[in-house]
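Computed over heavy atoms, backbone and side chain alike; hydrogens, waters and symmetry mates excluded. So you know, we letter chains A, B, ... as the sequences are listed, proteins then strands, and number each from 1.
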Protein chains: 2
Amino acid sequence: MAVQISELTISRLSLYLRLLNELEGKGVKTVSSKELAQAFGLNAALIRKDLAHFGDLGVRGLGYVVKTLQRELRSILGLDRNLKVAIIGAGNLGLALADYPGFRKEGFEIVALFDNFPSKVGKESRRGVSIYDIQELKNIAHCDGIGIAAIAVPEKSAQNVVNTVVEAGIRAILNFSPGTLRVPEHVKLKSVDLTVSLEGLSFYLARESRNEGV
Amino acid sequence: MAVQISELTISRLSLYLRLLNELEGKGVKTVSSKELAQAFGLNAALIRKDLAHFGDLGVRGLGYVVKTLQRELRSILGLDRNLKVAIIGAGNLGLALADYPGFRKEGFEIVALFDNFPSKVGKESRRGVSIYDIQELKNIAHCDGIGIAAIAVPEKSAQNVVNTVVEAGIRAILNFSPGTLRVPEHVKLKSVDLTVSLEGLSFYLARESRNEGV
DNA sequence: TTTTGTGAACTAGTTCACAGCT
DNA sequence: AGCTGTGAACTAGTTCACAAAA
């Protein structure tokens, strides 16, 4: 089972799961790759290939049993194990992430915020996530078994914070700071770059108005 | 010039520009594709191909002139035209986005927040972005020339909000709500799905611990 | 000599099309 | 009959390797 599964496949599995949750709520029993494909604007074969990586999850002639596939995807994505998340940076964005309802839904638990700004330490977010000094990260990460750190600090301190997070033994990082960050081989870093996203849209608008003139 | 340029290339152009800004600040005059490649962990040929889409931007034997390339990339990405952005949804996330310093840096201007919650309308974000009723979007979008809408509303109202945004004549949307959204052909939608990002990391951790047992 | 710009080769990702199971 | 699972074909994206320019 040394087959490397692509990031693109993994992202799509999350989407499939979200729809399955919805279907399950509506009492739908089975769903075909064709129906899933339509819902996401994807090719049905792609969905079957994505799922086939993890065994014969479907039933020929019938499709996929919603509850079964839901359970399988949860297990594949590791959502059957109440994963704990720490947010580093108690600025506007960090506080918003700490209280973001979408994170809590699929079994993630936001256990703590961290900051190095003394006046913030000891306070908490609106929904009651406590803010600790970043110095305490290592201790708390070990005691509480934090699996993922989300980083929402200014660009200039981001690499330092990443180093601290790595030293604390955390092996998965969701980064919201701009700029390129280095992590060791065994740590998984995923970056959400808001500036890059916005500039992509700007490019689209700029090209559009250029083409109007042609 | 009907060549379609890939989203991946566009995202990388943003990264290149960010580094060029930094180099320019340090007074560096030229930079080679090799140096850029090292900074981002990419292949040098890829960077040359990305840039070659837009003409002969480099100088053989020398590399790229920092200031020239910076200006070119700004123009390519449409950042030479002070683009106006509206944030829809004045919850925690919307307010955080409205005050996000990274957006202001490259010439984007956050001009307004919108919400349908009466008690929020009339207030403003910490940095002074005013909150308007979503009903007023069409008017303000036209008067102020809003180019991009960022959507940070709960999943269940997201499609409605997108429809309102499209009706207001906005043709580029950055979406932070989970779920699949439909937009007409002429509108560009980019989604940042926080749940999908987090679940991607969870998958990585889950697979790791499975493999430990093998 | 250095480094770009680019055809050719390669790798990854998607779609087609159909055998095989229910 | 219907739908999965999958080899084969295709498309997109990246890297190699080198001619051409400064």
Side-chain angles (χ1 to χ4, degrees), chain A residues 1-16 19-20 23 28-73 76 180 196 200 203, chain B residues 1-16 19-20 23 28-73 76 180 196 200 203:
Chain A
M1 233 272 213
V3 223
Q4 183 57 34
I5 286 145
S6 107
E7 296 269 321
L8 296 169
T9 294
I10 304 309
S11 300
R12 286 190 300 261
L13 294 183
S14 289
L15 298 180
Y16 306 158
L19 185 58
L20 287 168
L23 292 176
V28 177
K29 297 297 175 205
T30 66
V31 67
S32 67
S33 60
K34 196 177 161 187
E35 291 168 307
L36 288 170
Q38 261 156 0
F40 299 113
L42 299 172
N43 182 289
L46 180 60
I47 289 172
R48 296 201 296 278
K49 278 240 158 100
D50 280 343
L51 298 174
H53 281 113
F54 305 96
D56 290 12
L57 269 34
V59 186
R60 286 165 200 242
L62 184 72
Y64 299 87
V65 175
V66 171
K67 281 194 178 173
T68 312
L69 187 55
Q70 197 184 20
R71 189 170 54 243
E72 285 292 336
L73 287 180
I76 291 164
T180 313
V196 169
F203 170 81
Chain B
M1 233 274 213
V3 223
Q4 184 57 34
I5 286 146
S6 109
E7 296 268 321
L8 296 168
T9 293
I10 304 308
S11 299
R12 287 190 299 261
L13 294 183
S14 289
L15 298 180
Y16 305 157
L19 184 58
L20 287 169
L23 292 175
V28 177
K29 296 298 175 205
T30 66
V31 66
S32 68
S33 60
K34 195 176 162 189
E35 290 168 309
L36 287 169
Q38 262 158 358
F40 299 114
L42 299 172
N43 181 288
L46 179 59
I47 289 172
R48 295 201 296 277
K49 279 241 157 95
D50 281 344
L51 298 175
H53 280 114
F54 305 96
D56 290 13
L57 270 34
V59 185
R60 287 168 199 240
L62 185 72
Y64 299 87
V65 176
V66 170
K67 281 194 178 172
T68 311
L69 188 55
Q70 197 184 20
R71 189 172 53 242
E72 285 293 336
L73 287 180
I76 291 164
T180 312
V196 168
F203 170 82

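- For B:Q38 (side chain) and B:E35 (main-chain N/O), no donor-acceptor pair under 3.5 Å exists by modelled atom type.
- Taking atom CD of A:Q4 as the reference point, atom P of C:dT11 lies 16 Å away to the nearest angstrom.
- The interatomic distance linking B:I5 (CD1) with D:dT14 (P) rounds to 14 Å, in whole Å.
- In this entry the distance linking NE2 of B:H53 with P of C:dT4 reads 17 Å, nearest Å.
- Shown here for B:A39 and A:T180, the closest heavy-atom pair between the two residues is O-CG2, 3.7 Å.
- Between the CG atom of A:L57 and the C1' atom of D:dG5 there is a distance of 12 Å, given to the nearest Å.
- In this structure, CG of B:L8 is placed 14 Å from C1' of C:dT11, rounded to the nearest angstrom.
- Nearer to the 5' terminus of DNA chain D, by closest-nucleotide assignment, is the contact made by A:Y64 (compared with the other of A:Y64 and B:R60).
- For B:K49 and D:dT15, a side-chain-to-base donor-acceptor distance below 3.5 Å is present, hydrogens and geometry of angles not being considered.
- The nearest whole Å value for the distance from the CG atom in B:L62 to the C1' atom in D:dA21 is 12 Å.
- As judged by a 4.0 angstrom heavy-atom cut-off over every strand, A:L51 is placed among residues making no nucleic acid contact.
- Set against D:dT15, C:dT4, D:dT6, the side chain of A:R48 has D:dT6 as its closest nucleotide.
- Heavy-atom distances to DNA chain C give each of B:A44 and A:T9 a nearest nucleotide, and the one nearer the 5′ end belongs to B:A44.
- For the pair B:I47 CD1 and C:dT3 P, the computed distance is 14 Å after rounding to whole Å.
- Distance, B:L46 CG to C:dG5 C1': 14 Å, rounded to whole Å.
- Of the residues in residues 32-39 of chain B, not one comes within less than 4.0 Å of DNA chain D through any heavy atom.
- Using modelled atom types, no side-chain atom of B:T9 and backbone atom of B:I5 make a donor-acceptor pair closer than 3.5 Å.
- Across every non-hydrogen atom of B:L20 and B:V66, the tightest pair is O-CG1, 3.8 Å.
- Across all their heavy atoms, A:R48 and A:S33 have their closest contact at NH1-OG, 3.0 Å.
- The heavy-atom pair separating B:F40 from B:L15 by the smallest distance is CZ-O, 3.3 Å.
- Using a 4.0 Å heavy-atom criterion, one finds that A:S6 contacts the sugar-phosphate atoms exclusively.
- Nearest heavy-atom pair, A:L57 versus A:F54, reported as atom, atom and distance to 0.1 Å: CD1-O, 3.3 Å.
- Nearest nucleotide to the side chain of A:A45, out of D:dT15, D:dA22, C:dT15: C:dT15.
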